[in-house]
Amino acid sequence: MPESIRIGGYVRSPAASGLDATGYANTGEFELSDFLTRWDSLHDDALQVMPERIHPTARIHPTAIIGEDVIIGPGVRVHEFSTVRKRSVLTAGVSVGIGHSIIGADAHLSANLVIAAISLWNYDMRVPVKEIVLHSPGDEPPYRCTRSRFGG
């Protein structure tokens with residue numbers, strides 16, 4: 001296990017999102033434990049500095065639930081019945097919602113989850129071109145969906 005993890009290896013600092021005048025502007029330079037220790041104060045400071053916590057170009061569906069201290073950047077889309085919980089930051093162009101997916105019975109979707117209805121290997125996520133292939137945990141061959149959209 002590494003002694004230090006730089007966030008910049010996993011997350012880019014938000015650009016063009018209104019966060020450039022806040023501590024979040026340098027997110028990529030933080031060491032993970034330092035960021036986690038300072039996160040609450042960074043978020044509180046950002047809320048004080050930002051002229052609006054929800055950018056006017058963001059589109060939030062009326063059925064979505066947004067926490068009272070969530071920061072939402074330009075061009076963000078929060079789709080039907082989505083919930084964005086407290087202390088979250090959605091930087092420019094983020095899209096929250098699940099589409100073209102089947103969620104199994106008694107499923108609970110929580111933090112650290114990715115459900116991709118299109119191939120994550122595509123360079124332009126707006127135009128799915130790669131066929132979705134499902135891999136099972138056994139020795140069975142992969143299942144070819146013959147579709148470029150399917151999440152599950």
Partners of [X] by side-chain hydrogen bond (donor to acceptor under 3.5 Å, both in side chains), sequence neighbours excluded?
X   : result
T37 : none
S41 : none
S88 : none

Check: Please, which pairs that meet salt bridge (Lys or Arg N to Asp or Glu O under 4.0 Å) have at least one residue in residues 52-62, sequence neighbours excluded?
Finding: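 Non-adjacent pairs meeting salt bridge (Lys or Arg N to Asp or Glu O under 4.0 Å): zero.
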Checklist line | Pairs touching residues 70-83 that satisfy salt bridge (Lys or Arg N to Asp or Glu O under 4.0 Å), sequence neighbours left out | finding: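 Residue pairs with at least one partner in residues 70-83: there are none.
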Item checked: Gap separating the CG atom of D40 from the CG atom of D44, nearest 0.5 angstrom ->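 The distance works out to 6.5 Å.
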Item checked: Counterpart residues, side chain to side chain contact (heavy atoms under 4.5 Å, CB included), relative to S82 (two or more places apart) ->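 If we apply the side chain to side chain contact (heavy atoms under 4.5 Å, CB included) test to S82, skipping adjacent residues, the hits are V78, H79, V96.
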Identify every side-chain donor-acceptor pair in residues 63-72 under 3.5 Å, counting partners at least two apart or on other chains, and give the distances.
from: T63; atom 1: OG1; to: H61; atom 2: ND1; distance (Å): 2.8
from: T63; atom 1: OG1; to: F81; atom 2: N; distance (Å): 2.9
from: D69; atom 1: OD1; to: R87; atom 2: N; distance (Å): 2.9
from: D69; atom 1: OD2; to: R87; atom 2: NH1; distance (Å): 3.1

Notebook entry, point to check: So do V89 and H43 actually touch side chain to side chain, heavy atoms under 4.5 Å?
Noted result: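 The answer is yes; the side chains approach within 4.5 Å.
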Notebook entry, point to check: Ignoring hydrogens and geometry, is there a side-chain-to-backbone donor-acceptor pair from E31 to I5 under 3.5 Å?
Noted result: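 Confirmed, E31 side chain pairs with I5 backbone.
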Check: Residues two or more places apart in sequence or in another chain: which of them pass ring pair (Phe, Tyr, Trp, His ring centres under 6.0 Å) with F30?
Finding: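 Residues passing ring pair (Phe, Tyr, Trp, His ring centres under 6.0 Å) with F30: F35.
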Next item on the list: Just jot down the salt bridge (charged side-chain N to carboxylate O under 4.0 Å, His left out) partners of D34, sequence neighbours excluded, or say none.
Entry: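 Salt bridge (charged side-chain N to carboxylate O under 4.0 Å, His left out) check on D34 returns R38.
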Notebook entry, point to check: Side-chain heavy atoms under 4.5 angstrom apart, residues restricted to Ile, Leu, Val, Met, Phe, Trp, Tyr: same cluster for V49 and L47?
Noted result: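 As far as the 4.5 Å side-chain criterion goes, L47 and V49 are not connected within one cluster.
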Item checked: Shortest non-hydrogen separation from L90 to V76 and the atoms involved ->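 Here L90 and V76 meet closest at O-CG2, 3.7 Å.
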